[in-house]
Amino acid sequence: MPAWRDWQRVAALLPAAFVQTLAPALLTTVLYPLLDRLNLSLRDLLLPGALALTTFGLSVWLIGRRADRGHPRRALLPGLLLLAVTFALAAVPGMTALLLPLGALVGLGYGAFITGWNGLVARTLPEGQQAAAWGTVMAVEALGYAIGPVLGGAAWQLAGVTGVFSLGAAVFLSALLYDLARHRSRRAAMTGPA
């Protein structure tokens with residue numbers, strides 16, 4: 001039973017493991033057509049990219065301290081929400097005017113998400129089975145990265161720029177709602193009748 005309980009906790013991590021690689025991988029096969037459709041070049045992404053890296057570093061540092069003092073979910077959930085909002089904003093027509101705010105939001109969101117995710121994984125992996133559990137989590141991450149380009153290409157074919165970013169927003173929002181529902185049911189089970 002203890003082994004099953006430990007692996008049940010690892011299984012709860014798998015949706016976030018899948019999402020964290022799936023959503024960015026949606027863009028891999030459609031990046032250049034997407035830039036062409038938006039009338040942008042890679043040079044146009046340099047300043048927003050630098051801003052994203054800066055806010056990523058700051059959020060890892062600041063939010064990571066908060067997650068260390070409390071619980072990693074304090075960073076993970078806001079990170080998922082920020083990433084869902086960022087992808088939703090990127091799906092809006094005329095998003096090229098929002099490149100700088102989008103860069104700041106994506107850096108902040110990923111910094112919070114990665115900080116919370118790593119803290120949660122570190123707390124969850126069962127002792128004595130850490131290699132197997134970590135391998136399972138990494139396999140699911142790899143699966144997300146493998147499926148992301150296919151789904152991104154399909155979204156591109158069906159709805160273009162809006163479809164790709166809307167799918168990314170839906171993926172992050174689904175992970176957030178899954179986590180909230182899982183913790184609500186866990187809390188209800190703990191407070192319910194014996």
Side-chain angles (χ1 to χ4, degrees), residues 15-67 74-119 138 140-179:
F18 185 68
V19 162
Q20 79 165 334
T21 52
L22 175 84
L26 294 172
L27 303 172
T28 51
T29 55
V30 298
L31 179 63
Y32 289 107
L34 189 138
L35 290 175
D36 189 47
R37 177 86 47 94
L38 295 173
N39 222 8
L40 295 170
S41 70
L42 286 176
R43 186 172 294 156
D44 296 323
L45 300 181
L46 289 177
L47 188 56
L51 186 58
L53 286 173
T54 303
T55 56
F56 175 82
L58 288 172
S59 71
V60 164
W61 179 57
L62 293 171
I63 296 171
R65 295 175 69 181
R66 183 174 178 213
R74 289 177 141 184
L76 181 73
L77 297 181
L80 285 169
L81 181 61
L82 277 171
L83 289 169
V85 167
T86 303
F87 271 69
L89 287 173
V92 174
M95 59 78 82
T96 53
L98 302 172
L99 285 180
L100 286 176
L102 287 174
L105 281 174
V106 79
L108 186 64
Y110 264 110
F113 175 78
I114 293 298
T115 299
W117 169 248
N118 288 333
M138 293 295 287
V140 172
E141 287 179 0
L143 183 63
Y145 195 72
I147 292 174
V150 175
L151 291 178
W156 175 262
Q157 289 294 320
L158 292 172
V161 175
T162 302
V164 174
F165 286 113
S166 295
L167 180 57
V171 163
F172 282 122
L173 188 59
S174 297
L176 174 66
L177 294 175
Y178 165 80
D179 190 75

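Note that this is a predicted model, so its numbers are computed, not measured.
- Applying the side-chain contact (heavy atoms from CB on, under 4.5 Å) test to L62 and every residue at least two apart in sequence or in another chain returns nothing.
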Side chain to side chain contact (heavy atoms under 4.5 Å, CB included) between I147 and F18, intermediate numbers included: CA-CA 10 Å; I147 292 174; F18 185 68; 4.1 Å; yes
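- For the pair L76 and L80, the minimum side-chain heavy-atom distance is below 4.5 Å.
- The line from CG of L34 to CG of L26 is 11.0 Å long, rounded to the nearest 0.5 Å.
- In Y178, the OH atom is crowded: over 12 heavy atoms of neighbouring residues, nucleotides or ligands sit closer than 6.0 Å.
- Qualifying side-chain contact (heavy atoms from CB on, under 4.5 Å) partners for S174, counting only residues two or more places apart in sequence or in other chains: none.
- In plain terms, the two heavy atoms of M95 and L38 that are nearest each other are SD-CD1, 3.7 Å.
- Evaluation of the side-chain contact (heavy atoms from CB on, under 4.5 Å) rule for P149 yields A25, T28, T29 as partners, not counting sequence neighbours.
- In this structure, the side-chain contact (heavy atoms from CB on, under 4.5 Å) partners of V19, at least two apart in sequence or on a different chain, are V171, F172, A175.
- Contact between A169 and A84 at its shortest, heavy atoms only, is CB-O, 3.4 Å.
- To the nearest 0.5 Å, atoms CG (L83) and CD (Q20) are separated by 10.5 Å.
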Side chain to side chain contact (heavy atoms under 4.5 Å, CB included) between T96 and N39, intermediate numbers included: CA-CA 9 Å; T96 53; N39 222 8; over 6 Å; no
In residues 41-52, what donor-acceptor pairs under 3.5 Å come from side-chain atoms, sequence neighbours left out?
from : atom 1 : to  : atom 2 : distance (Å)
S41  : OG     : R43 : N      : 3.3
S41  : OG     : D44 : N      : 3.4
S41  : OG     : D44 : OD2    : 3.4
D44  : OD2    : S41 : N      : 2.8

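- The CG atom of L58 sits 11.0 Å away from the CG atom of L53 when rounded to the nearest 0.5 Å.
- Identified under the ring-ring contact (aromatic ring centres under 6.0 Å, His included) test for residues 47-66, with sequence neighbours left out: none.
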Return all side-chain donor-acceptor pairs below 3.5 angstrom for residues 105-115, not counting sequence neighbours, or 'none' if the list is empty.
from : atom 1 : to   : atom 2 : distance (Å)
T115 : OG1    : G111 : O      : 2.7

Donor-acceptor pairs under 3.5 Å, side chain of residues 154-165 to any protein atom, not counting sequence neighbours: which ones?
from : atom 1 : to  : atom 2 : distance (Å)
T162 : OG1    : A91 : O      : 3.2

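- The nearest pair of heavy atoms linking A17 to T21 is O-OG1, 3.6 Å.
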